[in-house]
There are 2 protein chains.
Amino acid sequence: MRLAAPSTTAETIREAAVRVFGREGLGAPLRSVAAEAGVSAGRIVQLFGSKDALHRACDEHVLAVVRDLKREGMTDAGASLLTRLAMVDGLVPYVAYIARSVQAGGEHARTFVQHMVDDAMGYVADAVAAGVVRPSHDEGARVRYLTESALGHLALRLSLDAPRDGDELVACLRRHLDSTTLPLLELFTQGFLADRRMLDEYLMYVGDPPAREQAQA
Amino acid sequence: MRLAAPSTTAETIREAAVRVFGREGLGAPLRSVAAEAGVSAGRIVQLFGSKDALHRACDEHVLAVVRDLKREGMTDAGASLLTRLAMVDGLVPYVAYIARSVQAGGEHARTFVQHMVDDAMGYVADAVAAGVVRPSHDEGARVRYLTESALGHLALRLSLDAPRDGDELVACLRRHLDSTTLPLLELFTQGFLADRRMLDEYLMYVGDPPAREQAQA
DNA sequence: CTAGCCTCTAAACATGCGTTTAGCAGCGCC
DNA sequence: GGCGCTGCTAAACGCATGTTTAGAGGCTAG
C-alpha cells in the first residue's frame with residue numbers, strides 16, 4: 001500500500017499538515033507545519049488562505065484517501081476500518097489525523113464521525129446478514145457506540161502518549177493495537193457480564209420486552 | 001448527593017474552574033474561569049500561582065471528591081463509576097472535568113487514567129469473584145481497555161457537542177448515557193461476534209491456546 | 001532589455017493569553 | 001492618624017500565533 005508522493009508545494013504542505021496535526025493535534029502551530037513542509041508559514045496561508053482552510057483541505061484529502069482504500073476492498077467484519085488502516089505503517093498518520101480531527105470538535109469533526117459511522121453501518125449490516133455478527137436491538141445505536149468509542153479511545157491514547165515524531169507515532173499505535181486486541185476480541189466474543197439480567201431489566205425499563213430468543217433461555 | 005458549598009475565594013475559583021474546564025477543555029482561557037468565578041484573572045494567579053497550578057489543584061480536588069464518593073459506597077459492577085457519577089446532575093461537572101483533563105494529555109492525565117484503571121480493577125475483581133462478570137484471559141488489559149474507551153468516548157462527545165453552559169453540559173451527558181446504555185449492555189451481555197473463531201485464532205497467534213471451557217463448546 | 005507573473009521569504013502586525021505590576025479600599029493595631 | 005496587612009482590580013507586559021505586507025529572485029514573452 002503506497003500513496004502517491006506529493007508533486008506540488010500545496011500537496012507537500014498538506015501531507016506535512018496531516019503528519020503534524022495527527023501527532024500533536026489541531027492546535028499545533030502553523031509554524032510547526034511550515035517547518036515540517038520546509039516552507040514558510042506565509043506560504044501556507046498564501047496557498048490555502050488560512051489555517052482553518054488548511055484543516056478543511058486535510059479533512060477532505062484524508063476522507064478521499066479513506067474512500068479510495070475502501071474501494072480497494074479493505075472490508076472485513078472482524079476489524080474496523082480504522083484498525084486495518086492502523087496496521088499499515090504508511091497509513092498511520094492518516095489514522096492519527098482522523099482521531100485528532102474529531103478530538104478537536106466542531107463541524108469538521110461531526111462530519112468526520114458521521115462518515116465513519118455510515119461506513120461501519122455498511123460493514124456491520126453485511127456481517128449480520130452473513131451470520132458473522134449477532135443482530136442488535138438497535139443497530140444504529142450499536143454502530144455509533146462502537147465507532148465513537150474506538151475513535152475516542154484512539155484520540156485519548158494519542159493525547160496520553162504525545163508522540164514527538166513519526167516513529168513514536170507508529171510505536172504508539174502499535175502499542176494501542178497490541179493492548180486492545182485481546183480485550184476487544186474477548187468482549188466481542190463472550191461479552192462481559194455472566195448473565196442477561198441487566199440487559200433484560202433495561203429492555204423492560206425502556207418498554208421493549210426481551211426478544212423472542214430470550215424465551216428459549 | 002450534595003457537595004459542600006465553597007466558603008473561600010480559592011474554593012469558589014476552583015469550582016468555577018472545574019465547571020469551565022469540564023465544558024470547554026483545559027484550553028479555556030483563565031479569563032473565562034475568572035468571569036465564571038466573579039474575580040479577576042490576576043486574583044487567580046495570586047491565589048494559585050499559575051494556570052497550571054490551578055489545573056493541578058482541580059485534579060487533586062476532583063480525585064478527592066471521587067474518593068469520598070467511593071467511600072460512600074457507590075460500587076456496582078454493572079455501571080462504571082463514571083457512569084454512576086454522570087447520573088447525578090450535581091456531579092456532571094466533575095465527570096466532564098475528568099474527561100477533559102485526560103483529553104488534555106500530559107502527566108496529570110496519565111495519573112488520572114491510572115487512578116480510574118486501578119479503581120475499576122477493584123470492582124471488576126470483586127464482580128468476577130461473585131460470578132457477576134466473566135473472567136478474562138488478561139484482566140489488566142481488559143480493565144484498561146474498558147476504562148480508557150469509556151473515558152475517550154466521553155471526551156469525544158464533549159468535544160463534538162461543545163456545551164456552552166451547565167444546562168447544556170447536563171443535557172450532553174444525558175444524551176450520551178441514553179444513547180450508549182443499550183449498546184453497551186447488549187455488548188456486555190451477548191458480545192458482538194456470532195462465534196469464537198477470531199478469539200481462538202488470536203489466542204493461538206499469541207501462543208496462548210484456548211482455555212479449558214472452549215473444550216466444552 | 002524590460003515588464004509581468006509566479007514562487008517564496010522575512011519581518012511586521014494584530015490579537016489573545018498567562019502573568020506581573022501598581023495601586024486602591026478596608027481593617028486592625030499602636 | 002499612620003502603618004501594615006489582606007483582598008482585590010485594572011492595566012501593562014511579554015510572548016506565541018495567525019495573518020499581512022513588502023520585496024527578492026527566477027522565468028518567460030515581447
Side-chain angles (χ1 to χ4, degrees), chain A residues 5-61 97 100-101 103-109 159 162 164, chain B residues 5-61 97 100-101 103-109 159 162 164:
Chain A
S7 55
T8 64
T9 301
E11 286 171 356
T12 300
I13 290 168
R14 198 181 53 195
E15 293 298 323
V18 167
R19 291 196 298 274
V20 171
F21 289 149
R23 285 198 311 261
E24 300 173 38
L26 271 297
L30 205 51
R31 287 170 167 85
S32 296
V33 176
E36 176 96 4
V39 298
S40 69
R43 184 68 176 136
I44 294 180
V45 173
Q46 203 177 37
L47 284 173
F48 290 90
S50 67
K51 187 183 181 185
D52 188 64
L54 173 65
H55 176 198
R56 225 173 298 124
C58 291
D59 278 358
E60 285 159 12
H61 175 58
Y97 178 84
R100 289 292 203 176
S101 192
Q103 185 181 48
E107 206 47 52
H108 298 174
S159 291
R164 280 165 303 183
Chain B
S7 53
T8 64
T9 301
E11 286 171 356
T12 300
I13 290 167
R14 197 180 54 193
E15 292 300 322
V18 167
R19 292 195 300 274
V20 171
F21 290 149
R23 284 200 310 265
E24 301 174 38
L26 271 296
L30 204 50
R31 289 169 166 84
S32 296
V33 176
E36 177 95 6
V39 300
S40 70
R43 183 68 176 136
I44 295 180
V45 173
Q46 203 177 38
L47 285 174
F48 292 90
S50 66
K51 187 183 182 185
D52 188 65
L54 173 64
H55 176 198
R56 225 173 299 124
C58 291
D59 278 359
E60 284 158 13
H61 175 58
Y97 178 84
R100 289 294 204 175
S101 192
Q103 185 182 48
E107 207 46 51
H108 298 174
S159 290
R164 280 166 303 184

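In what follows, chains carry the letters A, B, and so on, assigned in the order in which the sequence lines appear, proteins first and then strands, with residues in each chain numbered from 1.
Counting to the nearest Å, the P atom of D:dG18 and the CZ atom of A:F21 are 8 Å from each other. Remark: P of D:dC15 and CZ of A:R31 are 15 Å apart, rounded to the nearest angstrom. Rounding to whole angstrom units, CZ of residue A:R43 and P of D:dT19 are separated by 16 Å. Between the P atom of C:dT20 and the CD1 atom of B:I44 lies a distance of 14 Å, rounded to the nearest Å. Taking atom CG of residue A:L26 and atom C1' of nucleotide D:dT17, one finds them 15 Å apart after rounding to whole Å. Regarding B:H55, its NE2 atom lies at a distance of 13 Å from the P atom of C:dG18, rounded to whole Å.
When atom types are taken as modelled, the side chain of B:T12 and the backbone of B:A37 share no donor-acceptor pair closer than 3.5 angstrom.
How far CZ of B:R14 is from CD of B:E11: 5.5 Å, rounded to the nearest 0.5 Å.
Within the 4.5 Å cutoff, side-chain heavy atoms of B:H55 are placed close to those of B:S101. Between B:H61 and B:E15, the closest side-chain pair of non-hydrogen atoms falls below 4.5 Å. B:H108 places a side-chain heavy atom less than 4.5 Å from the side chain of B:D52.
Within residues 46-54 of chain A, the residues that place at least one heavy atom under 4.0 Å from DNA chain D are, in residue-number order, A:S50, A:K51.
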Would B:L54 and B:L30 count as a side-chain contact (heavy atoms from CB on, under 4.5 Å) if you check the C-alpha gap in whole Å, the side-chain angles of each, and the deciding distance to 0.1 Å? CA-CA 10 Å; B:L54 173 64; B:L30 204 50; 3.9 Å; yes

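B:T9 has a side-chain polar atom (N or O) that falls below the 4.0 Å cut-off from OP1 or OP2 of D:dC8.
Comparing C:dT19, D:dT9, D:dG18 against the side chain of B:V39 picks out D:dT9 as the nearest.
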